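Accompanying notes for the structure given below.
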Amino acid sequence: MLTHSHVKSIHYRIITGEHVDYKKASPIREETDDFVLRVENDLASFEMKKHFSTKEDAKDYIDPYLKRWEILIGLAHDHRDLRFEYKNAEVIDRSPDDKNSIILNVDPIRISVSLDAVLHVSRGRFPSPPKNFENTPDVETMYLRYKAFREGKESLLAMAYMCLTVLETSAGGRSKAVSKYSISKAVLNKLGTICSEKGGKNQDRKAPKKGAFDVLTASESEWVIQVVKALIRRVGEYAYRPTTSLQAIIISDFPPV
């Protein structure tokens, strides 16, 4: 008999950083037009409302949602804080000839345990699921550079300058970026100035003009990091709904330096 397969649910294991746990976090439930998401302990489960006939098709649909979530988690906390790993899917037969659906396939569950993890941070809540944020090639480029900086693979100012360049190029220049993304020109000007004039060992993006580095202070470094994260989020927010009026990002949103 020809089957009418349907992915009833798809499940992802929650992988946390070695110094993080969510054991005290309350379960969360999120419902969209396409699925019901439940997150509890070390499992994120999607009960599918939208029809997919194969687990591959369902996974191709859910994975970008989880990627957006991982980016936002990486910006809010740390890119190693929490990620999702495909676990298994339940596929049923929804043949109209049968009154009851039957299970066609459930992937085997494979569990790996690390004995090296040392948990230092116990978070009391799971990160909120992604809303009003879209992952685009520009968002991906900016986030990967930010992630490389966090992993010690790239200097702060080289990363920040690249993110500023991507944002401005996507809009056709700095002035147009101010209007397109609703970001104060003072924020972009200050970031550009710091990237161009500051530096030091493992900080600079180019040689100093006057023969000596003007070393970044700790507060300036933190300012740059916070601004870069805000720019990445804003590009994703704009991509989600370009017609929406976004709250302006202004210089007073960040600590003075």
Side-chain angles (χ1 to χ4, degrees), residues 68 70-79 81 127-128 130-152 154-210 212-257:
R68 295 195 297 273
E70 288 181 352
I71 290 174
L72 290 173
I73 292 169
L75 295 176
H77 299 295
D78 185 278
H79 67 279
D81 202 62
S128 298
K131 290 185 174 68
N132 305 326
F133 182 86
E134 187 61 56
N135 187 19
T136 67
D138 285 340
V139 171
E140 188 83 6
T141 297
M142 295 169 75
Y143 181 70
L144 287 176
R145 296 297 289 263
Y146 172 76
K147 183 178 175 182
F149 157 69
R150 284 300 195 187
E151 292 173 345
E154 184 167 10
S155 72
L156 170 61
L157 294 182
M159 176 277 294
Y161 187 75
M162 173 57 73
C163 288
L164 177 62
T165 300
V166 170
L167 178 134
E168 292 180 349
T169 301
S170 71
R174 183 167 298 180
S175 294
K176 291 182 179 179
V178 168
S179 174
K180 178 177 180 177
Y181 294 114
S182 192
I183 303 171
S184 167
K185 195 167 189 176
V187 173
L188 300 184
N189 284 345
K190 187 174 184 67
L191 181 61
T193 297
I194 290 176
C195 289
S196 297
E197 299 181 0
K198 290 286 186 172
K201 186 178 180 181
N202 299 323
Q203 292 180 333
D204 58 293
R205 71 173 188 86
K206 60 181 181 180
K209 294 181 179 179
K210 299 180 181 180
F213 290 108
D214 185 5
V215 179
L216 273 174
T217 65
S219 61
E220 286 173 332
S221 295
E222 183 59 27
W223 189 91
V224 170
I225 291 169
Q226 294 305 319
V227 169
V228 166
K229 293 196 294 185
L231 298 188
I232 297 172
R233 281 192 293 265
R234 178 48 49 93
V235 174
E237 290 167 348
Y238 176 85
Y240 176 79
R241 192 167 293 167
T243 58
T244 300
S245 296
L246 297 169
Q247 182 176 349
I249 296 173
I250 58 178
I251 201 79
S252 61
D253 291 336
F254 308 99
V257 293

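Owing to the predicted nature of the structure, the values given are computational and were not obtained by experimental measurement.
- W223 and V187 get closest at one heavy-atom pair: CH2-O, 3.8 Å.
- With hydrogens and angles ignored, the 3.5 Å screen pairs a side-chain donor or acceptor of K229 with a backbone N or O of L75.
- Contact annotation: the side chain of L167 never approaches that of D138 to less than 4.5 Å [non-hydrogen atoms, C-beta and beyond].
- Counting non-hydrogen atoms of neighbouring residues, nucleotides and ligands closer than 6.0 angstrom, the CD atom of Q247 reaches no more than 12 such neighbours.
- Using a 4.5 Å cut-off on side-chain heavy atoms (C-beta onward), E220 and V224 make no contact.
- Here the straight-line distance linking atom CG of N135 with atom CD of E70 works out to 10.5 Å at 0.5 Å rounding.
- F254 approaches A230 most closely through the heavy-atom pair CZ-CB, 3.9 Å.
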- prompt: Stepwise, does the side chain to side chain contact (heavy atoms under 4.5 Å, CB included) test hold for F149 with V228?
  reply: CA-CA 11 Å; F149 157 69; V228 166; over 6 Å; no
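- The CG atom of L164 sits 6.0 Å away from atom CG of L188, with the distance rounded to the nearest 0.5 Å.
- Between V235 and S170, every side-chain heavy-atom pair lies at or beyond the 4.5 Å cut-off.
- Under a 3.5 Å cut-off, the side chain of R234 and the backbone N or O of Y181 do form a donor-acceptor pair.
- Rounded to the nearest 0.5 Å, atoms CG (N189) and CD1 (I194) are 11.5 Å apart.
- I250 and S184 make their closest contact through CA-CB, 3.8 Å (heavy atoms, listed as atom of the first residue, atom of the second, distance).
- With hydrogens and angles ignored, the 3.5 Å screen pairs no side-chain donor or acceptor of K180 with any backbone N or O of Y238.
- Across all their heavy atoms, A186 and I251 have their closest contact at O-CD1, 3.9 Å.
- Here the shortest heavy-atom pairing between S219 and V257 reads O-CG1, 3.3 Å.
- Judged purely by distance below 3.5 Å, without hydrogens or angles, the side chains of Y146 and R150 pair a donor atom with an acceptor atom.
- Rounded to the nearest 0.5 Å, atoms CD1 (I71) and CD (E134) are 9.5 Å apart.
- Under the 3.5 Å distance criterion, the side-chain polar atoms of S179 are left unmatched by any main-chain donor or acceptor of K176.
- Atoms NZ and CG, from K147 and D78 in turn, are 10.0 Å apart once rounded to the nearest 0.5 Å.
- Put simply, CD on E168 and CZ on R174 are 4.0 Å apart, with the number rounded to the nearest 0.5 Å.
- Between L231 and V227, some side-chain heavy-atom pair lies under the 4.5 Å cut-off.
- Counting heavy atoms from C-beta on, the side chains of L246 and R241 never come closer than 4.5 Å.
- The shortest non-hydrogen separation linking K198 to V215 is NZ-O, 4.0 Å.
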